[in-house]
Amino acid sequence: MTQPICVLLHGFGSAPIIFRHFLEIARQQRPDIQWHIILPGSTHLSVIREVVPKENILSIEDSLPNIAQGCDPSELINYPGSLIEDLEAQKHPWLRRNGRQFYKRGQDYYTLYKSYMAEKKITHLLCIMVETPETKIAMAAAQELGIDTAYCAHLRTMTGTIFATDPYEKLPPYQCVTQQSLAKAKKFVSNFRNNHLSPTALPADADSSETANELLDDFMPSASSRLITKLSSALKRPDLAEPDSIRVSFLNNLPLLRDAHWRIRTRANNKLVDITNIDELPEKFVLYPLQVSPESSINVPAPYYVDQLRVIDALRMSIPNDYTLVVKEHRVGASTRSPRFTQAVRNLPGVKIASSELHPREILEKSSLLATVTGTMGFEAFILGHPTIVFGRGICADLHGGTVGLNGLDVLIREKLNKRIPDEHIYQELAKYYSCRYPFVAYSTGTEGEPVLRRGNIKTFFESYVDHITRIDLWRTSIE
């Protein structure tokens, strides 16, 4: 590197717990790298202070103005993308404050992040997940300043992680097709087509030794302590308090009540389906699998389609008259979505609802076309060579040739119906992902089996990130 490496970590949610172990390795293996971290509040502050100096911690709770200030509109002229779209990554708009104040608050995050990055001479920004407006704003501010940005994008059924360079899962610039990555792609496609692989499976090539499997401390206080901390933070900074966060914490500590509520909704939604087995599918249909919403997988890359009635209406008014639009409910969506939504979809002419219990691949293979916003089924359809249109930015859109708009949708649908994707194209595209894929996972802690907090996983995460920034530097040098 021609300049000192100074990395800013984005530590919302459970990310600080992961970064705590990540930074312990960093202190031993790369003492030459300076580390900073953004924390939203005091929940994990004491844990992080063990590995990061106080002056290298940006505490949102202590740094953001109590009253939203905003900024002069001229200061946003070089903001990458749309600040308003980034604000729409918020999962629960009905819990927001006044829209004008919310817009000003977004500007406050932007000016705070931008000034901190400039003052501390940050060279790299690393986020584990992009789930909030604050994370998207941080990435935008870094990109405006010419800082290398990365977040850990999970490769779904392919498993493993890439260091995407924007919130829309863009591949790093050093991606390429090699004989090795092409061979991996062909093997994966063959394996997927012959087996039902899970998008949540752990990487088969991850370190599975006894030492690597050691479970690290989750530094998790008791449920009551977490709730008290959230309430204390809300009293200290009511302007930053998210009522839904408190609600979720409360319900997660009452799993019997939460699960009973989910079962009631599942039963109500299951009564409204039209198709309960494969034999009941129409002869000719376009498939639209519902996504769980609100959820970061759709709120972050495609907030316009969080109201999925928008895409359903566009599809049913654009497909040929002899086709039916089959809307398949998601297994999780059946338990969390209001039956009012399901009833509203069922009442639409030209639409039939398929049960969440139907196997996704079976219904996909009988369809003439898949339509999705950002769903995993779009990724799997590509592996199978199935014709697909994608409305939201991300891996699925990149694989299928980009996003589609509403204008001319009817023409595009007719062109895509039953048009298979050539295998050679599938191999070439997947080989690009294998060329920059790393065998670790980075998502929320608390997942069944706690795969993230295994010693080998954290070690691979750290080593992979160091390799990533080295490859970025080599790529930059090669084009200069």
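All values reported here derive from a predicted model rather than from experimental measurement.
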**Report entry** Exam field: side chain Asn457 to backbone Leu453, donor-acceptor pair closer than 3.5 Å
**Finding:** no

Query raised in the report: Closest heavy-atom contact between Cys436 and Ile162?
Result: O-CG2, 3.6 Å

Only distances under 3.5 Å count here; give the side-chain donor-acceptor pairs of residues 111-118 to other protein atoms, sequence neighbours excluded, each with its distance to 0.1 Å.
from: Thr111; atom 1: OG1; to: Gln107; atom 2: O; distance (Å): 3.2
from: Thr111; atom 1: OG1; to: Asp108; atom 2: O; distance (Å): 3.1
from: Lys114; atom 1: NZ; to: Tyr110; atom 2: OH; distance (Å): 3.3
from: Lys114; atom 1: NZ; to: Glu144; atom 2: OE2; distance (Å): 2.6
from: Ser115; atom 1: OG; to: Thr111; atom 2: O; distance (Å): 3.0
from: Ser115; atom 1: OG; to: Leu112; atom 2: O; distance (Å): 3.0
from: Tyr116; atom 1: OH; to: His36; atom 2: ND1; distance (Å): 2.9
from: Tyr116; atom 1: OH; to: Asn56; atom 2: O; distance (Å): 3.4

Query raised in the report: Roughly how far apart are Ile389 CD1 and Phe391 CZ, rounded to 0.5 Å?
Result: 4.5 Å

Report task. Determine, stepwise, if the pair Glu85 / Arg393 fulfils salt bridge (Lys or Arg N to Asp or Glu O under 4.0 Å). Result -> CA-CA 13 Å; Glu85 179 182 333; Arg393 287 178 285 180; 2.6 Å; yes

Query raised in the report: Where is the tightest heavy-atom contact between His400 and Gly378, given as atom of each residue plus distance?
Result: NE2-O, 2.8 Å

Query raised in the report: Do you know the tightest heavy-atom contact between Pro339 and Ala268?
Result: CG-CB, 3.6 Å

Requested in this report: Determine the minimum heavy-atom distance between Ala314 and Leu409, stating which atoms define it.
Outcome: O-CD2, 3.7 Å

Report task. For Tyr443, check ring pair (Phe, Tyr, Trp, His ring centres under 6.0 Å) against everything at least two apart and list the hits. Result -> His154

Requested in this report: For atom CG of Asp322, decide whether the heavy atoms of other residues, nucleotides or ligands shown that lie under 6.0 angstrom number more than 12.
Outcome: yes

Query - The single option from Thr159, Leu430, Leu171 passing side chain to side chain contact (heavy atoms under 4.5 Å, CB included) against Arg437 - result: Thr159

Requested in this report: For residues Leu58 and Ser63, report the shortest heavy-atom separation together with the two atoms involved.
Outcome: CD1-OG, 3.5 Å

Query raised in the report: Is there a side-chain contact between Arg316 and Thr324 (heavy atoms, below 4.5 Å)?
Result: no

Report task. Could you grab the distance from atom OG1 of Thr43 to atom CZ of Phe12, nearest 0.5 Å is fine? Result -> 11.0 Å

Report task. Run the ring-centre check on Tyr465 versus Tyr438 and record whether the distance is less than 6.0 Å. Result -> no

Query raised in the report: Should the ring pair Phe188 and Phe192 be called parallel, tilted or perpendicular, given that the plane angle runs from 0 to 90° and is split at 30 and 60?
Result: tilted

**Report entry** Check against side chain to side chain donor-acceptor pair (under 3.5 Å), Asp218 and Thr445
**Finding:** CA-CA 8 Å; Asp218 63 3; Thr445 60; over 6 Å; no

Query raised in the report: Any donor-acceptor pair under 3.5 Å linking the side chain of His124 with the backbone of Thr149?
Result: no

Query - Residues that Arg414 engages under side-chain contact (heavy atoms from CB on, under 4.5 Å), provided they are two or more places apart - result: Pro320, Asp410

Query raised in the report: How far does CD of Glu131 sit from CD of Gln90, to the nearest 0.5 angstrom?
Result: 12.0 Å

Query raised in the report: Distance-only, no hydrogens or angles: does the Ser181 side chain make a donor-acceptor pair with backbone N or O of Ser435 under 3.5 Å?
Result: no

Query raised in the report: Looking at CE of Met377 and OG1 of Thr157, how far apart are the two atoms once the value is rounded to the nearest 0.5 Å?
Result: 10.5 Å

Report task. Could you tell me whether the side chain of Glu280 and the main chain of Thr276 form a donor-acceptor pair under 3.5 Å? Result -> yes

Query - For Arg346 against Val273, the heavy-atom pair lying closest together - result: NH2-O, 4.2 Å

Query - Close side-chain approach of Asp86 and Tyr79, heavy atoms under 4.5 Å - result: yes

Report summary line: OG (Ser335) and CZ (Arg267) are apart, to the nearest 0.5 Å, by 12.0 Å

Query raised in the report: Between Thr336 and Val332, is there a donor-acceptor pair closer than 3.5 Å when you use the side chain of the first and the backbone of the second?
Result: yes

Query raised in the report: Listed by chain and number, what are the side-chain contact (heavy atoms from CB on, under 4.5 Å) partners of Ala397, not counting sequence neighbours?
Result: Val390, Thr403

**Report entry** Main-chain N/O of Val300 paired to Lys136 side chain as donor or acceptor, under 3.5 Å
**Finding:** yes

Query raised in the report: If only atom types and distance count, is the side chain of Asp274 paired as donor or acceptor with the main-chain N or O of Ile353 below 3.5 Å?
Result: yes

Report task. Please examine the side chains of Thr132 and Ser296, heavy atoms only from C-beta on, and report whether any two atoms are closer than 4.5 Å. Result -> no

Query raised in the report: When you look at CZ of Arg420, are more than 12 heavy atoms from neighbouring residues, nucleotides or ligands closer to it than 6.0 Å?
Result: yes

Report task. Establish, for the pair Arg105 and Phe102, whether the NZ or CZ atom is under 6.0 angstrom from the six-membered ring centre and no further than 45 degrees off its axis. Result -> no

Query raised in the report: Quick check: are there more than 12 heavy atoms from other residues, nucleotides or ligands sitting under 6.0 Å from CD of Glu424?
Result: yes

Query raised in the report: Below 4.5 Å, heavy atoms only, C-beta onward: do Leu155 and Thr161 meet side chain to side chain?
Result: no

Query raised in the report: Does Asp166 use its side chain to pair, donor to acceptor, with the backbone of Glu169 at less than 3.5 Å?
Result: yes

Query - Gln291 side-chain N/O to Thr374 backbone N/O, donor-acceptor pair under 3.5 Å - result: yes

Query raised in the report: Would you say the side chain of His330 lies within less than 4.5 Å of the side chain of Pro289, judging by non-hydrogen atoms?
Result: no

Report task. Please confirm whether the backbone N or O of Pro172 pairs with a side-chain atom of Thr165, one donor and one acceptor, at under 3.5 Å? Result -> no

Query raised in the report: Can you list the residues that meet the side-chain contact (heavy atoms from CB on, under 4.5 Å) rule with Tyr304, with sequence neighbours excluded?
Result: Arg310, Leu406

Requested in this report: Please state whether the rings of His425 and Phe382 are parallel, tilted or perpendicular, taking 30° and 60° as the class boundaries.
Outcome: perpendicular

Requested in this report: Give the C-alpha distance, both sets of side-chain angles, the deciding distance and a yes or no for ring-ring contact (aromatic ring centres under 6.0 Å, His included) between Phe285 and Tyr323.
Outcome: CA-CA 5 Å; Phe285 69 95; Tyr323 275 75; 8.5 Å; no

Report task. Answer yes when Arg331 and Glu357 have at least one side-chain N-carboxylate O distance shorter than 4.0 Å, and no when they do not. Result -> yes

Query raised in the report: Nearest 0.5 Å, what's the CE-SG distance between Met139 and Cys127?
Result: 5.0 Å

Report task. Indicate yes or no: at least one non-hydrogen side-chain atom of Lys186 is less than 4.5 angstrom from one of Val189. Result -> no

**Report entry** Side chains of His44 and Ser14 in contact at under 4.5 Å (non-hydrogen atoms)
**Finding:** no

Requested in this report: Could you walk me through whether Asp423 and Arg193 pass salt bridge (Lys or Arg N to Asp or Glu O under 4.0 Å), step by step?
Outcome: CA-CA 12 Å; Asp423 281 355; Arg193 290 179 179 179; 2.9 Å; yes

Report summary line: Applying ring pair (Phe, Tyr, Trp, His ring centres under 6.0 Å) to His386 and not counting sequence neighbours gives none

Requested in this report: Report yes if the side chains of Ser368 and Val286 come closer than 4.5 Å at any heavy-atom pair, otherwise no.
Outcome: no

Query - Residue that, paired with Phe163, satisfies ring pair (Phe, Tyr, Trp, His ring centres under 6.0 Å) out of Tyr174, Tyr433, Phe440 - result: Phe440

Query raised in the report: When you look at Ile18 and Ile128, which way does the side-chain contact (heavy atoms from CB on, under 4.5 Å) test go after all the steps?
Result: CA-CA 9 Å; Ile18 303 169; Ile128 286 184; 3.7 Å; yes

